[in-house]
Trainee: 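What follows is a structure written as structure tokens; I'll ask about it next.
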Number of protein chains: 2
Amino acid sequence: MDRIDRQMLQLLQQEGRLSTVELAERVALSPSPCARRLKRLEDSGIISSYRAVLNRKLLQLATTVFVNVRLMHHREDAVRLFEEAVTTMDEVIACHVVSGAFDYLLEVVVRDLPDYEKLVRKLQALSMVQDITSNFAIRTVKSGTPLPLPGQL
Amino acid sequence: MDRIDRQMLQLLQQEGRLSTVELAERVALSPSPCARRLKRLEDSGIISSYRAVLNRKLLQLATTVFVNVRLMHHREDAVRLFEEAVTTMDEVIACHVVSGAFDYLLEVVVRDLPDYEKLVRKLQALSMVQDITSNFAIRTVKSGTPLPLPGQL
DNA sequence: CGTGAAAAGATACACAA
DNA sequence: TTGTGTATCTTTTCACG
């Protein structure tokens, strides 16, 4: 893992469909070693996948909400059931166990407020959920930025 | 925008490097119309980009923190300067203006607690920042899930 | 790591249904 | 609008220096 690997990762985070040849040019390498490095990065799991990024506005999914959830208690089965429920909800595109006053932070993407309300009701219907608090994303300043790769790996 | 387009988007959100031919097979179409549709989705901006997704643990970027920021006031120049500052901070991979008690929600990725502290100090050094609160991501239940595409577009 | 050549695959287009 | 076929171009792969 050297400077060139990091450079490749940086580029692929922005243009995931770069071919080996294009990538090679940009990192000033010939295609062969570039392909070898890329394969190594993929096989090792450092590159875990490639994804298309969609425009939410154009898809009428303009409403992003951050929902904080607190559970009643933290018995193992309640936790498991909650996480399974959340996993099946497509509107929830991210879910983290977090420190602080709440147990979970969910990132929710919906079309509009009625759809948001439906989701909230689904969450509140879960018996292990104590309470939830929502914060609407009014504007996105930045998102999906490339990861800051540590320079000394 | 019909069922096939949605199917393509769904697939590309999970496998961004699918070729036109592979994609065509999976949506039961021949390559030509599939390529035409894909081009349309790209040109229209519905597909905004393709990205490689990296494994944070393997890159020693295991610490994700959600940082809430409140500004002193909301004069236009203070807001602009704050957002410019945040935009230049590589550790901040997302930043939203949010409703609720705070003004901004930042998603921060760092290597460890010392690096986290450095970032907090950078934020606190900004004169327009009133206060910040951090919530650590202890565990990620789900993240980067495909968007829930509305079925009736 | 680089070069070169061979093989495989993808894209683009014209035309027909 | 989709399907077929073809031609072209690009990419990938691999052996070897």
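As the structure is a prediction and not an experimental result, all values here were calculated from the model. Just so it is clear: chains get the letters A, B, ... in the order the sequence lines come, proteins before strands, and each one is counted from 1.
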Trainee: Check this for me, if you would: do D77(A) and R80(A) make a salt bridge, where the nitrogen-to-carboxylate-oxygen distance has to be below 4.0 angstrom?
Mentor: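 No salt bridge links D77(A) with R80(A).
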
Trainee: Looking at residues 26-39 of chain A, who's got a heavy atom less than 4.0 Å off DNA chain D?
Mentor: S32(A)

Trainee: Among the clusters formed by ILVMFWY side chains lying less than 4.5 Å apart, do M89(B) and V97(B) turn up in the same one?
Mentor: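 Yes, because M89(B) and V97(B) connect within a single hydrophobic cluster, where side-chain heavy atoms sit under 4.5 Å apart.
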
Trainee: Judged by atom type as modelled, is there a donor-acceptor pair below 3.5 Å linking the side chain of R37(B) to the main-chain atoms of M8(B)?
Mentor: no

Trainee: In sequence, state the C-alpha distance, the side-chain angles, and the governing distance for T145(A) and V92(B), and then conclude on side-chain contact (heavy atoms from CB on, under 4.5 Å).
Mentor: CA-CA 8 Å; T145(A) 288; V92(B) 179; over 6 Å; no

Trainee: With a 3.5 Å distance limit and no angle check, can you tell me whether K142(B) reaches the backbone of V86(A) through a side-chain donor-acceptor pair?
Mentor: yes

Trainee: Aromatic rings F82(A) and Y104(A): how do their planes relate, parallel, tilted or perpendicular, breaks at 30° and 60°?
Mentor: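 Geometry flag for Y104(A) against F82(A): tilted rings.
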
Trainee: Using the benzene-type ring in the case of Trp, are the ring centres of F66(A) and F66(B) under 6.0 Å apart?
Mentor: no

Trainee: For Y50(B), enumerate each residue passing the ring pair (Phe, Tyr, Trp, His ring centres under 6.0 Å) test, keeping only those at least two apart in sequence or located in another chain.
Mentor: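 With neighbours one apart ignored, the set is empty.
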
Trainee: Does a salt bridge link K122(A) with E91(A), judged by any charged N lying under 4.0 Å from a carboxylate O?
Mentor: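 Judged by the 4.0 Å cut-off on N to carboxylate O distance, K122(A) and E91(A) do form a salt bridge.
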
Trainee: Looking at R121(A) and E117(A), is any side-chain nitrogen of the basic one under 4.0 Å from a carboxylate oxygen of the acidic one?
Mentor: yes

Trainee: Suppose the criterion is side chain to side chain donor-acceptor pair (under 3.5 Å): which pairs have a residue in residues 27-36 of chain A, not counting sequence neighbours?
Mentor: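 Output for this query is empty, none listed.
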
Trainee: Using five base pairs at each end, measure the axis-to-axis angle across the helix from dG2(C)-dC16(D) to dA17(C)-dT1(D) and round it to 10 degrees.
Mentor: 30°

Trainee: For DNA chain D, note the earliest and the latest nucleotide, 5' to 3', having some atom under 4.0 Å of a heavy atom belonging to chain B.
Mentor: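 Here the contact window of chain B covers dT2(D) to dG5(D).
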
Trainee: Q13(B) side chain to L147(B) main-chain N or O, any donor-acceptor pair under 3.5 Å?
Mentor: yes

Trainee: Going by number, which of residues 9-24 of chain A have a non-hydrogen atom under 4.0 Å from DNA chain D?
Mentor: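 Under 4.0 Å from DNA chain D: S19(A), T20(A), V21(A).
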
